[in-house]
J.: 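This is the structure I have questions about; it appears just below.
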Amino acid sequence: MSDQGSGYAAASELRGRIDTTTPHSARFWNYFVGGKDHYEVDRQVGDQIKEIFPGLVDVARTSRSFLGRVVRHLAVEQGIRQFLDIGTGLPTGDNTHEVAQRVAPDARIVYVDNDPLVLTHARALLTSTPEGATAYLDADLYDPAAILKAAGSTLDLSRPVALMILNTLGHVDPYERAQGLVRQLTDGLAPGSFLVVSDGTGTSPGMIAASAAYKESGAVPYHVRSVAEVTGLFDGLELLEPGVVRVTEWRPEPDAVPAQGRAVDAYGGVARKV
């Protein structure tokens, strides 16, 4: 089955909410991972940033691979059957529900985003195996209580859930607010749940320059964090090995082609709530 979730507005209303004159992170990221849902302004800024820092394309693509490895690990090795994916972004290939239900057909997934363009494509995220379920919530990261309440219509929050917040918390400023939002969300989940976070990091001059250029474009700023700050988002939880590392180094596939020295400026990790 699949659940449509909340927030389906009329197409005309959604079009009115989409600003095609200012770059947007979901569309910008979609351009970098080879998607088709972006506008000229997103491509212009994307091409400008690629000239400043070509490595950001690697960040986008390797972060997507990180998502796949994490979801497979949680479903296969940890027995997780429920996923709450906040900051979903635009649908591409191997979305969370596709990866999870490929190995665990009874998995249930709730996607959360508040971007009108993502909402117009949300039905692409709502396919599901007959045994499982998917839902989409038009909701705001800044209201954790509302997210948890609505997610409870699809997920059983008395049982473990994998909370996934990938390449999203960089938009939250100051850093302490990002920590607080993560804590509020994990506090609402059962013991045995997992937190998955990845974000761009200020681990090279190029990445710092790319972040500054993106801010100057008029888009909502993305604050690249230090590795210590990414690690701090897991405070109070039990990190799985290998800890908080570059996304390319988190349990790479045995037959993966080595990164050949590329230092990807994105770190992530997975931790258990005990």
Side-chain angles (χ1 to χ4, degrees), residues 3-30 37-38 42 63 67 82-92 95-97 108-126 133-155 157 161-189 193-200 214-215 218-225 229-230 233:
D3 304 317
Q4 285 199 340
S6 63
Y8 277 104
S12 58
E13 178 188 340
L14 288 173
R15 283 194 296 271
R17 288 169 54 191
I18 296 171
D19 180 0
T20 62
T21 65
T22 302
H24 189 281
S25 60
R27 304 189 312 242
F28 173 84
W29 211 245
N30 183 263
D37 298 306
H38 38 75
D42 306 301
S63 293
L67 178 151
Q82 302 189 108
F83 296 82
L84 178 57
D85 187 338
I86 299 179
T88 306
L90 289 158
T92 55
N95 300 291
T96 297
H97 75 285
R108 303 177 75 83
I109 296 90
V110 172
Y111 293 103
V112 181
D113 210 305
N114 71 338
D115 176 68
L117 186 62
V118 176
L119 182 56
T120 65
H121 290 273
R123 287 184 176 83
L125 296 171
L126 294 176
T134 63
Y136 177 89
L137 303 178
D138 181 15
D140 197 318
L141 171 63
Y142 293 102
D143 194 351
I147 289 174
L148 292 169
K149 181 178 180 180
S153 297
T154 301
L155 307 178
L157 299 186
V161 172
L163 169 63
M164 306 184 61
I165 316 177
L166 276 58
N167 304 300
T168 297
L169 290 167
H171 289 299
V172 181
D173 189 49
Y175 169 72
E176 290 74 19
R177 190 175 189 188
Q179 282 185 305
L181 292 170
V182 169
R183 177 60 61 88
Q184 290 176 67
L185 287 162
T186 55
D187 281 352
L189 302 178
S193 294
F194 289 84
L195 172 66
V196 183
V197 171
S198 69
D199 262 311
Y214 187 68
K215 179 180 179 180
V220 176
Y222 187 93
H223 306 276
V224 291
R225 310 291 192 195
E229 286 174 324
V230 176
L233 296 168

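Keep in mind that the numbers below use all heavy atoms, side chains included, and drop hydrogens, waters and symmetry copies.
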J.: Would you give the length of the straight line joining atom CG of L137 to atom NZ of K149, rounded to the nearest 0.5 angstrom?
T.: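 It is 12.5 Å, given to the nearest 0.5 Å.
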J.: Once side chain to side chain contact (heavy atoms under 4.5 Å, CB included) is applied, do any residues pair with Q179, and if so which ones, sequence neighbours excluded?
T.: Y175, E176, L233, D235
J.: A178 and V172: which non-hydrogen atoms are nearest, and at how many Å?
T.: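 Heavy atoms of A178 and V172 come nearest at N-CG1, 3.5 Å.
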J.: Under the ring pair (Phe, Tyr, Trp, His ring centres under 6.0 Å) test, which residues partner F83, sequence neighbours left out?
T.: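 F83 satisfies ring pair (Phe, Tyr, Trp, His ring centres under 6.0 Å) with no residue once adjacent residues are dropped.
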J.: Can you list the residues that meet the side chain to side chain donor-acceptor pair (under 3.5 Å) rule with T96, with sequence neighbours excluded?
T.: D85
J.: On a heavy-atom basis, which atom in P144 and which in Q184 lie closest, and how many Å separate them?
T.: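 Taking every non-hydrogen atom into account, CG-OE1, 3.8 Å.
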J.: Which pair of non-hydrogen atoms, one from A151 and one from L84, has the smallest distance, and what is that distance?
T.: CB-CD1, 4.0 Å
J.: Under a 3.5 Å distance rule, please check whether H97 uses its side chain to pair with a backbone N or O of R108 as donor and acceptor.
T.: no
J.: Using atom types as modelled and distance alone, determine if a side-chain donor or acceptor of S193 lies under 3.5 Å from a backbone N or O of A162.
T.: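 Not confirmed, S193 side chain does not pair with A162 backbone.
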J.: Please identify each residue that fulfils side chain to side chain contact (heavy atoms under 4.5 Å, CB included) with D173, with sequence neighbours left out.
T.: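 D173 satisfies side chain to side chain contact (heavy atoms under 4.5 Å, CB included) with H223 only.
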J.: Within the structure provided, determine whether Y111 and D113 are in side-chain contact (heavy-atom separation under 4.5 Å).
T.: no
J.: Nearest 0.5 Å, please: how far is CG in L195 from CG in L185?
T.: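 If we round to the nearest 0.5 Å, L185:CG and L195:CG are 9.0 Å apart.
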J.: With sequence neighbours left out, what residues match T168 under side chain to side chain contact (heavy atoms under 4.5 Å, CB included)?
T.: L141, I165
J.: Considering non-hydrogen atoms only, spot the tightest contact between Y142 and L181 and give its length.
T.: CD2-CD1, 3.8 Å
J.: Under the rule for side chain to side chain contact (heavy atoms under 4.5 Å, CB included), what residues qualify as partners of D143, not counting sequence neighbours?
T.: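 Listed in chain order: A145, A146.
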J.: Kindly indicate whether the side chain of L157, heavy atoms from C-beta on, has any atom under 4.5 Å from the side chain of L189.
T.: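 With C-beta onward as the side chain, the pair touches.
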J.: Can you name the nearest heavy-atom pair linking D199 to N167, along with the distance?
T.: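 Taking every non-hydrogen atom into account, OD1-CA, 3.3 Å.
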J.: Roughly how far, to the nearest 0.5 Å, is the CZ atom of R177 from the CG atom of L169?
T.: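 Here the interatomic distance stands at 12.0 Å.
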J.: Just how far is it from atom CG of N95 to atom CD1 of I109, taken to the nearest 0.5 Å?
T.: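 Rounded to the nearest 0.5 Å, the CG-CD1 separation comes to 10.5 Å.
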